[in-house]
Amino acid sequence: MDNPLTVIASLAGGKSRLSNEGVVKRDWVPTGRIDFATKLNGNDDPSQPSEFKLLVEERRIIESVAGNEHLEIQWRLATLKEATAVVTQYHKYLKENSLVKSVFEPEILPPESQDGRSPNAESKRRG
């Protein structure tokens, strides 16, 4: 005959953890909050490029065995569809607030040469 503790441990291992916590009343839904994550590689210069991951916050409601509701919150990586929606809204904001720089704006054009002509004008005249 097996040791009773071994039998109990094996039975507990086969059950899902959720059954001990209660019943899911509302499954994971996005809250609308986003954040960015990156690896900290020791580069303290904020102007240097880095790899960022878009995080999305989700929540769900669990009802415990005693009938109490518990709110669970988690952060997960965003899907391509969610990331596209964020970028679309960002571009819309830039456009509505005139924050998009045009190629023809003076800050973007290369500096003029010493003789007063821009380098682009010289190359256009030759070509």
Residue list, side-chain hydrogen bond (donor to acceptor under 3.5 Å, both in side chains) with Ser98, at least two apart or on another chain | none

Polar side-chain atom of Asn97 near backbone of Tyr93 as donor-acceptor pair, under 3.5 Å = yes

What's the shortest heavy-atom distance between Trp28 and Glu72, and which atoms?
-> CZ3-O, 3.5 Å

Do the side chains of Leu77 and Leu55 get nearer than 4.5 Å, heavy atoms only?
-> yes

Distance from Ile73 atom CD1 to Arg60 atom CZ, nearest 0.5 Å?
-> 12.0 Å

Arg76 meets the side-chain hydrogen bond (donor to acceptor under 3.5 Å, both in side chains) criterion, sequence neighbours left out, with Glu58, Glu82

Using a 4.5 Å side-chain heavy-atom cut-off and chaining through intermediate ILVMFWY residues, the residues clustered with Leu80 come out as none

Are Leu99 and Tyr90 grouped together when hydrophobic residues (ILVMFWY) are joined by side-chain heavy atoms under 4.5 angstrom apart?
-> yes

Counterpart residues, side chain to side chain contact (heavy atoms under 4.5 Å, CB included), relative to Glu69 (two or more places apart) = Lys25, Ile61

Using the test salt bridge (charged side-chain N to carboxylate O under 4.0 Å, His left out), find all partners of Lys53 that sit at least two apart in sequence or belong to another chain.
-> none

Go through Arg26 and Arg59 one step at a time and tell me if the side-chain contact (heavy atoms from CB on, under 4.5 Å) criterion holds.
-> CA-CA 9 Å; Arg26 181 177 292 169; Arg59 66 180 175 93; 3.9 Å; yes

Can you list every pair that meets salt bridge (charged side-chain N to carboxylate O under 4.0 Å, His left out) and has a residue in residues 85-96, with sequence neighbours left out?
-> none

Can you name the residues that form a side-chain hydrogen bond (donor to acceptor under 3.5 Å, both in side chains) with Thr31, not counting sequence neighbours?
-> Glu57

How does the hydrophobic cluster around Phe36 look, that is, which other residues are in it when side-chain heavy atoms under 4.5 Å mark a link?
-> Ile34, Phe52, Leu54, Val86

Looking at CD1 of Ile62 and CG of Asn68, how far apart are the two atoms once the value is rounded to the nearest 0.5 Å?
-> 13.0 Å

Taken to the nearest 0.5 Å, the spacing of His91 NE2 from Leu94 CG works out to 6.5 Å

